[in-house]
Visitor: 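To start, I am sharing the structure in question, which I have written as structure tokens.
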Amino acid sequence: MNIALLGLGTVGSGVVNVLTNNSDKITKLTDEKIIISHILVSDVDKQRDADTGAAVITDDVNDIIEDDTIDIVIEVMGGIEKTKDLLQSFLKRGVHVVSANKDMLAEHIDVLTETANENNATLAYEASVAGGLPIVRSIENSLNSNRITKVLGILNGTTNYILSKMAIDGWEYNKALADAKEKGYAETDPTNDVEGIDAKRKIVLLSRLAYDRKINMSEVQVRGISDVSIVDIDNAARENLTLKLLGKSTYDAGGLCVSVEPVLLPSTHQLASVNYEMNAVYVNGNAVGETMFYGPGAGSLQTASAVVSDLINVIRYKDAGVKNFAPDETVEVNPDSGAGRHYIRFANEQNEAEAALNGMSVEFKIVDSDEFVIITEAITNKQLDDLKADRLLDIKASYQIDGVE
Ligand code: NAP
Ligand code: HSE
């Protein structure tokens, strides 16, 4: 069985290492000799963290396109439009594709699935959401007897690593981000990680599977962690609250809500103790009730675990004639209500802020009066919008508290 590996970076080298280290088990499971025949990279001279054996290492994708002995392509190189076109060209020829590329999949999964189904090919993407944590196939294959109403979790390893380093180890934001890059958790350009875009892509991919609906990513509200201050993390800790970047979606009679934002959770909440690069996802189904999945959200071997598992399953079931999961209908995304208790830090003097809060009938307790920091009782969206719009108020930070119910 000939495999082309597109990319030999953090994940690609992990794939080679897992295939090498676990070859006996993988050969037994697949009943095939798996040969990585070609590897696509940008720089053929770079030193690699994996023994690539006899594979042809090339920077010319045509070496792979023109080789019709390739049965499966593993894409772990990133990129959106060109990568989608390339993978679509393989699917059109009936070549199976395994991809970890959530950036591309969140935009193009519907068209790629359609192409795969028309050509009896498989498109597998377990590693695209939450690294080594098995969530894609859990929703698709193990919870498919349920009507799913909620998916919620910590879906980005880099931001969880940064927030944990700040809260637990007292690190500065930039030092924690640099360390996450060094460890291979962050994307090459980590903007998408810290601005919540990566988590948005993942919650969209999971929601599509969970609710059997196509979802337009541009409709999803997102807020990242790039403006998070250690001051707020420390203030929150004194109130037994922990800041986490959550991706959340619900689908019920009220329609679909999807959002990504940093939320303060009670420190006793299970998600509050999911730290560093670990991810966790809750899925609620009408038969099973609440389920929780926990595991490493990023990393070389960790992500390769999911990629190679996809590879094994593609080989095992390639002749079964099972179509890829493909929703028929598109559903519009409503914004998350945002209502609830809020932590707010003002730059205003206490009396100035208090007067405005009282004028809007917002009930609150004072957390710190040096800088005026409060925790409100549950407020409506309108009250929150009014507070943010009041030109006399200077809000330095605001976070919803325990938005997970
Ligand atoms: P990476 O370390 O930057 O590796 C990317 C690899 O692809 C490199 O080997 C690079 O070649 C090659 N490459 C990139 N663009 C190319 C192009 N246009 N032509 C030829 N080769 C190209 O990235 P990574 O962290 O392994 O991530 C790979 C994919 O997996 C991304 O889609 C990422 O979002 C996803 N992912 C990553 C993780 C993680 O923990 N890192 C987890 C889940 C999913 P050179 O080595 O020569 O530069
Ligand atoms: N940059 C991503 C993260 C990699 O930090 O979660 C895994 O998708």
Side-chain angles (χ1 to χ4, degrees), residues 4-17 38-50 52 57-65 74-87 98-108 125-133 135-136 153-164 176-177 179-203 205-206 224-225 245 247 260 274 276-281 295-307 310:
L5 181 63
L6 314 184
L8 190 58
T10 304
V11 182
S13 54
V15 168
V16 174
N17 288 326
H38 294 76
I39 301 178
L40 182 69
V41 293
S42 301
D43 176 359
V44 290
D45 297 322
K46 203 188 268 185
Q47 281 291 331
R48 304 291 170 177
D49 295 332
T52 54
I57 298 190
T58 177
D59 57 5
D60 183 354
V61 71
N62 291 315
D63 290 345
I64 296 170
I65 292 171
I74 298 177
E75 187 269 305
V76 285
M77 69 175 179
I80 299 188
E81 299 303 329
K82 281 188 183 164
T83 305
K84 170 236 160 192
D85 291 344
L86 178 62
L87 296 187
V98 173
S99 175
N101 183 345
K102 63 268 165 166
D103 305 17
M104 182 276 300
L105 288 164
E107 299 278 356
H108 297 302
Y125 53 97
E126 179 63 65
S128 67
V129 182
L133 186 167
I135 187 64
V136 169
I154 296 171
L155 293 168
N156 181 270
T158 300
T159 46
N160 204 42
Y161 188 80
I162 294 170
L163 292 175
S164 303
L177 173 57
D179 201 37
K181 276 191 197 168
E182 170 71 27
K183 289 190 156 65
Y185 305 148
E187 303 299 311
T188 314
D189 173 359
T191 310
N192 289 334
D193 289 302
V194 298
E195 297 304 344
I197 314 292
D198 180 80
K200 171 165 104 162
R201 290 168 168 153
K202 291 167 176 168
I203 192 71
L205 285 168
L206 292 186
I225 65 153
L245 183 72
V260 173
V274 173
Y276 301 110
E277 75 278 18
M278 302 307 275
N279 284 187
V281 186
S300 179
L301 291 175
Q302 294 82 350
T303 308
S305 158
V307 173
D310 270 349

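Counting begins at 1 with the first residue of the sequence. Order of listing sets the numbers, starting from 1, for every ligand and every atom in it.
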Visitor: Any side-chain heavy atom of Ile197 sitting closer than 4.5 Å to one from Thr191?
Guide: no
Visitor: Which is it for Asp43 and ligand 1 at heavy atoms under 4.0 Å: side chain, backbone, both or neither?
Guide: both
Visitor: Can you check whether Gly131 has an N/O within less than 3.5 Å of an N/O in ligand 1?
Guide: no
Visitor: For Gly299 and Tyr185, work out which heavy atoms get closest and say how close.
Guide: N-CD2, 4.0 Å
Visitor: Any donor and acceptor pair, going by atom type alone, linking the side chain of Ser164 with main-chain N or O of Tyr276 inside 3.5 Å?
Guide: yes
Visitor: For Glu126 and Leu133, work out which heavy atoms get closest and say how close.
Guide: OE2-O, 3.4 Å
Visitor: Out of Asp310, Val15, Val11, which residue meets the side chain to side chain contact (heavy atoms under 4.5 Å, CB included) rule with Ile74?
Guide: Val15
Visitor: Would you tell me which option among Glu187, Glu126, Met77 has the nearest heavy-atom contact to atom 33 (C) of ligand 1?
Guide: Glu187
Visitor: In this structure, does ligand 1 have an atom that sits under 4.0 Å from one of the heavy atoms of Gly79?
Guide: no
Visitor: For atom 2 (O) of ligand 1, grab the closest protein heavy atom and report residue, atom and distance to one decimal in Å.
Guide: Thr10 N, 2.9 Å
Visitor: Under the side chain to side chain contact (heavy atoms under 4.5 Å, CB included) test against Met77, which residue among Val61, Asn101, Leu86 passes?
Guide: Leu86
Visitor: Note the single closest protein heavy atom to atom 48 (O) of ligand 1, along with its residue, its atom name and the distance in Å.
Guide: Lys46 NZ, 2.8 Å
Visitor: Got the closest protein heavy atom to atom 38 (C) of ligand 1, with its distance?
Guide: Val11 CG2, 3.6 Å
Visitor: In terms of atom number and element, which parts of ligand 1 are under 4.0 angstrom from non-hydrogen atoms of Leu8?
Guide: 6 (C), 8 (C), 9 (O)
Visitor: Between ligand 1 and Gly9, is the shortest N or O to N or O distance under 3.5 Å?
Guide: yes
Visitor: Check Ile64 against Ala4 and note the closest heavy-atom contact, atom names and distance.
Guide: CG2-CB, 3.7 Å
Visitor: Any idea which part of Ala127 is under 4.0 Å from ligand 1, heavy-atom wise: side chain, backbone, both or neither?
Guide: backbone
Visitor: Could you point out which residue of Asn156, Val260, Leu205 forms a side chain to side chain contact (heavy atoms under 4.5 Å, CB included) with Lys200?
Guide: Val260
Visitor: Protein heavy atoms: any of them under 4.0 Å from atom 26 (O) of ligand 1?
Guide: yes
Visitor: Where is the nearest protein heavy atom to atom 35 (C) of ligand 1: which residue, which atom, and how far?
Guide: Ala100 O, 3.4 Å
Visitor: Indicate yes or no: at least one non-hydrogen side-chain atom of Leu155 is less than 4.5 angstrom from one of Asp198.
Guide: no
Visitor: Tell me, which protein residue and heavy-atom name are nearest atom 40 (O) of ligand 1, and how many Å apart are they?
Guide: Gly299 N, 2.8 Å
Visitor: Heavy atoms only: give me the nearest Gly12-Leu5 pair and the separation to one decimal.
Guide: O-CD2, 3.8 Å
Visitor: Is it the case that ligand 1 has an N or O less than 3.5 angstrom from some N or O of Tyr185?
Guide: no
Visitor: Any protein N or O within less than 3.5 Å of an N or O in ligand 2? List each pair with its distance, or say none.
Guide:
residue: ligand 2; atom: 1 (N); partner: Tyr185; partner atom: O; Å: 2.7
residue: ligand 2; atom: 1 (N); partner: Glu187; partner atom: OE2; Å: 2.7
residue: ligand 2; atom: 1 (N); partner: Asp193; partner atom: OD1; Å: 2.8
residue: ligand 2; atom: 5 (O); partner: Gly157; partner atom: N; Å: 3.3
residue: ligand 2; atom: 5 (O); partner: Thr158; partner atom: N; Å: 2.8
residue: ligand 2; atom: 5 (O); partner: Thr158; partner atom: OG1; Å: 2.6
residue: ligand 2; atom: 5 (O); partner: Tyr185; partner atom: O; Å: 3.1
residue: ligand 2; atom: 6 (O); partner: Asn156; partner atom: ND2; Å: 3.4
residue: ligand 2; atom: 6 (O); partner: Gly157; partner atom: N; Å: 2.7
residue: ligand 2; atom: 6 (O); partner: Lys202; partner atom: NZ; Å: 3.0
residue: ligand 2; atom: 8 (O); partner: Lys102; partner atom: NZ; Å: 2.6
residue: ligand 2; atom: 8 (O); partner: Lys202; partner atom: NZ; Å: 2.8

Visitor: Does atom CG of Asp59 have more than 12 heavy-atom neighbours from other groups under 6.0 Å away?
Guide: yes
Visitor: What protein heavy atom sits nearest atom 13 (N) of ligand 1, and how far away is it?
Guide: Ser42 OG, 3.6 Å
Visitor: Can a donor-acceptor pair be found between the side chains of Thr58 and Asp60 at a distance below 3.5 Å?
Guide: no
Visitor: What residue and heavy atom of the protein are closest to atom 42 (C) of ligand 1, and at what distance?
Guide: Thr303 OG1, 3.2 Å
Visitor: Closest heavy-atom contact between Gly14 and Leu301?
Guide: O-CD2, 4.0 Å
Visitor: Do Leu87 and His108 touch side chain to side chain, with heavy atoms closer than 4.5 Å?
Guide: no
Visitor: Are there protein heavy-atom neighbours of atom 23 (O) of ligand 1 below 4.0 Å?
Guide: no
Visitor: Check if Arg48 has a non-hydrogen atom at a distance under 4.0 Å from any atom of ligand 1.
Guide: yes
Visitor: In terms of atom number and element, which parts of ligand 1 are under 4.0 angstrom from non-hydrogen atoms of Thr188?
Guide: 3 (O)
Visitor: Return the residue, atom name and 0.1 Å-rounded distance of the protein heavy atom closest to atom 41 (N) of ligand 1.
Guide: Gly184 O, 3.0 Å
Visitor: Do the side chains of Leu8 and Val16 get nearer than 4.5 Å, heavy atoms only?
Guide: yes
Visitor: Mind checking whether Leu177 and Thr158 have side chains closer than 4.5 Å, heavy atoms only?
Guide: yes
Visitor: Rounded to the nearest 0.5 Å, how far does CD of Glu75 lie from OG of Ser99?
Guide: 4.0 Å
Visitor: Give the contacting part of Lys102 toward ligand 1: side chain, backbone, both or neither, where contact means a heavy-atom distance below 4.0 Å.
Guide: side chain
Visitor: For a quick test of reading the model, state the closest non-hydrogen atom pair linking His38 to Asp63 and the distance between them.
Guide: NE2-O, 3.8 Å
Visitor: Against heavy atoms of Asn101, which atoms of ligand 1 measure under 4.0 Å?
Guide: 32 (O)
Visitor: Heavy-atom contacts with Ala298 under 4.0 Å: which atoms of ligand 1 show up? List them by number with element.
Guide: 40 (O)
Visitor: Does Val76 have a heavy atom less than 4.0 Å from any atom of ligand 1?
Guide: yes
